Each structure stands twice: as C-alpha cells, then as structure tokens.
Amino acid sequence: STIKRSMSRIATPTDNPVMESINGWIKDELWFDFNLKKCDDIHQLIKEYVMYYNSVRTAYSLKYKSPVQYRLSNYILKVFLVSTNSLLFH
C-alpha cells in the first residue's frame, strides 16, 4: 500500500496551521506513545489511535475531558435544562 502526501502548496504549512499542528501531535503520539516503529499494521494502529483520541485522551480546551465525555456531559446538561424549563413553565 502506498501513502500519498497532500498539502495545499509545496513548503507552505502555514496554509492550514491548525491541521499541521494536529498532524504533528498525532505523529508524535503515534511514534512515542503507540510505538509506531514496531507496528505491523498501520491501519489498525490508526484506528486504535482515533478511538483513544476521541474516547480517552483528555484536552485542556474540553475541561480535561475526552471529546466523547465532553459531548456527553453537554448533552446531559442540555436535556436536564430542557426538562427543567418545561417543568417550570407548564
């Protein structure tokens, strides 16, 4: 299998700095935390990393929750607020 790199323009990572930053984090974490250098199945490793990133890895910007935990807590809060408001106004 061949991996094809893609960027907007040659030698201009500033075209999309957010994605470049995320790509850097992913590469570092795959290399150091997920032992990429000893991996036999890169596709499986990436699937595991995506699961880890969404379900386990916490982020400061999400109040030290994983994306899944953050979305769930916001969903539960919204449901609670909607149900509370409907009780108060009926």
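Bear in mind the structure is a predicted one, so any value in this text is a computation, not a measurement.
- A side-chain contact (heavy atoms from CB on, under 4.5 Å) with Ile26 holds for exactly one of Trp31, Phe34, Tyr49; it is Tyr49.
- Both Ile22 and Leu30 sit in one connected hydrophobic cluster of ILVMFWY residues. Membership requires side-chain heavy atoms under 4.5 Å apart, directly or through other members.
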Subject >> Cys39 vs Leu45, side chain to side chain contact (heavy atoms under 4.5 Å, CB included): CA-CA, chis, key distance, verdict >> reply: CA-CA 7 Å; Cys39 178; Leu45 181 68; 3.8 Å; yes
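- Scanning for side chain to side chain contact (heavy atoms under 4.5 Å, CB included) contacts around Asp28 gives Phe32, with sequence neighbours left out.
- Under a hydrophobic-cluster definition in which Ile, Leu, Val, Met, Phe, Trp and Tyr are linked whenever side-chain heavy atoms come within less than 4.5 Å, directly or via other members, Leu72 and Met51 are assigned to different clusters.
- Applying the salt bridge (charged side-chain N to carboxylate O under 4.0 Å, His left out) test to residues at least two apart or on different chains, none of the pairs has a partner in residues 61-78.
- At a threshold of 4.5 Å between side-chain heavy atoms, the hydrophobic network of Ile, Leu, Val, Met, Phe, Trp and Tyr places Val18 and Val50 in one connected group.
- Taking the side chain as every heavy atom from C-beta outward, Val68 and Val56 never approach each other to under 4.5 Å.
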**OP:** Quick one: do Ile46 and Gln44 satisfy side chain to side chain contact (heavy atoms under 4.5 Å, CB included)? Show the steps, please.
**Re:** CA-CA 5 Å; Ile46 291 171; Gln44 183 60 34; over 6 Å; no
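- Residue pairs satisfying the side chain to side chain donor-acceptor pair (under 3.5 Å) criterion with at least one member in residues 50-61, sequence neighbours excluded, are listed as follows: Glu29-Arg57.
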